[in-house]
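Comments concern the structure below.
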Amino acid sequence: QVLQDLQQHCPQDNADDRVRKCRGWHPRGGYNPNAVLGSDDVQTIRFMRYFGRTPKEICTSTGFPKGAVDSVFYNKSWKHLPDDYQARTT
């Protein structure tokens, strides 16, 4: 049985097989079922960071968990989402 599954394929065949069997794909951002924040929340945190708010101030005013705010604030998570406020430096 095992030897029947072992076949040589080109990289595209392997990629198609991975998608077909739902392997190797990790949902990002709001597609992750464990996500605490949504993309709008992330933009809110970035907006507040741009205008000088600290992570503690952001947590207090929004009610978002500190770990989630810190991850966005220090660019540890949600890196796939464009940061509209990072490019605007004065």
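Values reported hereafter were calculated over all heavy atoms of this structure, with side chains retained and with hydrogens, waters and symmetry mates removed. Given the structure is predicted, the values throughout are model-derived calculations rather than measurements.
Counting all heavy atoms, side chain and backbone alike, Pro55 lies closest to Tyr74 at CG-OH, 3.8 Å. Across every non-hydrogen atom of Ala35 and Gly29, the tightest pair is CB-O, 3.4 Å. Residues Phe73 and Thr54 come closest through the heavy atom pair CE1-C, 4.4 Å.
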Under 3.5 Å, side-chain donor or acceptor atoms of residues 36-45 against the rest of the protein: list the pairs with distances, not counting sequence neighbours.
residue: Asp41; atom: OD2; partner: Gly38; partner atom: N; Å: 3.0
residue: Gln43; atom: NE2; partner: Pro82; partner atom: O; Å: 3.2
residue: Thr44; atom: OG1; partner: Asp40; partner atom: O; Å: 2.9

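The closest side-chain heavy-atom distance from Asp70 to Lys76 is not below 4.5 Å.
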Between Met48 and Val69, is a side chain to side chain contact (heavy atoms under 4.5 Å, CB included) present by the stated rule, with each step listed?
-> CA-CA 11 Å; Met48 295 173 89; Val69 170; over 6 Å; no

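No donor-acceptor distance shorter than 3.5 angstrom exists from the side chain of Arg53 to the backbone of Ile58, with no hydrogens or angles considered.
The aromatic rings of Tyr85 and Tyr50 sit tilted relative to each other, their planes meeting at an angle between 30° and 60°.
To the nearest 0.5 Å, the span separating NZ on Lys66 from OG on Ser71 amounts to 9.5 Å.
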